[in-house]
Amino acid sequence: MPRIDVHQHLWPEALLEALGRRTAAPRLRRSGAGWVLELAGEPPALLDLAEHDVAARTALLERDGIDRALIAPSAPLGIETLPPAEAAPLQDAFNAGILELGGRFGLWAALAPGAGPRDVDAVLDDGAIGVCLSAARLSGPAALVAHAPLLTRLAARGAPLFVHPGAASAAPGAPPWWAAMTNYVAEMSAAWHAWAAWGRPAHPRLTVVWAMLAGGAPLHAERLAARGGPAHAALNDPHSFFDVSSYGARAVDAMLRIVGVDRLLYGSDHPVVAPPVLDGLGTAVF
């Protein structure tokens, strides 16, 4: 059976160039001999462009025994929140650049707010595995209604949805890890609970893959049940899966006891964080 990493990030050359031409966040700017990534809600960070070299990434796949990597858009960049005229060229550059790689790289396509069934058909017909949306775009009944045509079309095509944390707004002076431990986790939890309450009843056949264990939201199922929420339906959802990115053996072990091992997927979030070390869980897990 092929080993697939369902969650990696790789910025194609066309996207890097487009970010380098921007004068406002999200953008890349020169700093000495390197590049700095500027986002609207997080501290500036050095970006190592070598991490987005296709040959080097392919060599890493070989080293790690990964047969295929599914490449997601970097939703925390905040491209989805830009005006459509600004967002579309960046998303098109990403989608086209990953599709051009082919072979061992698959695409989670980026789609702008307002995208509908025709946009879903276009990216799937071009070869995308499915569509990636930021969790904020699914975090309540109104948001789910707004995206219902897109989600319905994905289900009709038998293509999955990948849910990833989006842009953050860290407080001034917050350490670099702050957004990842607060905004990202809260956003994923809100989206998972919204999906349990309104999304799944409306889209019973849609396969959903949740990044980073959905922020650990299913681990709170007992509290959800105690408050009268749909815990049973959420935990027995055969069409929802969770990638293990950025968590280690303890969290993954707790999660598999809640949702079952068959609903956990390997996702590394490379090159954002080091891949999880899960050898202690045994070969039956991954």
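Every value quoted in this text rests on a predicted model; they were computed, and no experiment measured them.
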Are [X] and [Y] close enough that some pair of their side-chain heavy atoms sits under 4.5 Å apart?
| X | Y | result |
| --- | --- | --- |
| Phe105 | Leu61 | yes |
| Leu101 | Leu10 | yes |
| Asn95 | Asp126 | no |
| Pro218 | Trp210 | no |

Of all the heavy-atom pairs spanning [X] and [Y], show the shortest one and how long it is.
| X | Y | value |
| --- | --- | --- |
| Leu213 | Val244 | CD2-CA, 4.0 Å |
| Leu111 | Leu150 | CD1-CD1, 4.0 Å |
| Met212 | Ser246 | CB-OG, 4.0 Å |
| Asp5 | Gly267 | OD1-CA, 3.3 Å |
| Ala159 | Leu206 | O-CD1, 3.6 Å |
| Phe94 | Pro73 | CZ-N, 3.3 Å |

(request) Could you go through the side-chain hydrogen bond (donor to acceptor under 3.5 Å, both in side chains) check for His7 and His164 one step at a time? (result) CA-CA 9 Å; His7 182 183; His164 191 286; 3.3 Å; yes
(message) Check the orientation of Trp11 and His52. Use parallel for under 30°, tilted for 30 to 60°, and perpendicular for over 60°.
(response) parallel
State whether the side chain of [X] and the backbone N or O of [Y] hold a donor-acceptor pair below 3.5 Å, judged by distance alone.
| X | Y | answer |
| --- | --- | --- |
| Glu187 | Ala136 | yes |
| Ser189 | Val185 | no |
| Asp67 | Ile4 | no |
| Arg137 | Gly166 | no |

[X] atom [atom1]: more than 12 heavy-atom contacts under 6.0 Å:
| X | atom1 | result |
| --- | --- | --- |
| Arg118 | CZ | no |
| Arg205 | CZ | no |
| Asp125 | CG | yes |

(request) Could you please spell out the steps behind the side chain to side chain contact (heavy atoms under 4.5 Å, CB included) verdict for Leu219 and Met255? (result) CA-CA 7 Å; Leu219 298 177; Met255 189 73 166; 4.1 Å; yes
Euclidean distance, [Y] [atom2] relative to [X] [atom1], rounded to 0.5 Å:
| X | Y | atom1 | atom2 | result |
| --- | --- | --- | --- | --- |
| Asp53 | Glu13 | CG | CD | 10.0 Å |
| Leu49 | Leu37 | CG | CG | 10.0 Å |
| Ile66 | Ser268 | CD1 | OG | 7.0 Å |
| Leu28 | Leu15 | CG | CG | 8.0 Å |
| Leu161 | Trp195 | CG | CH2 | 6.5 Å |
| Leu77 | Leu90 | CG | CG | 8.5 Å |

(request) In sequence, state the C-alpha distance, the side-chain angles, and the governing distance for Arg22 and Glu38, and then conclude on salt bridge (Lys or Arg N to Asp or Glu O under 4.0 Å). (result) CA-CA 10 Å; Arg22 289 182 55 81; Glu38 293 184 353; over 6 Å; no
(request) Could you check Arg263, His232, Arg200 and say which one makes a side-chain hydrogen bond (donor to acceptor under 3.5 Å, both in side chains) with Asp237? (result) Arg200
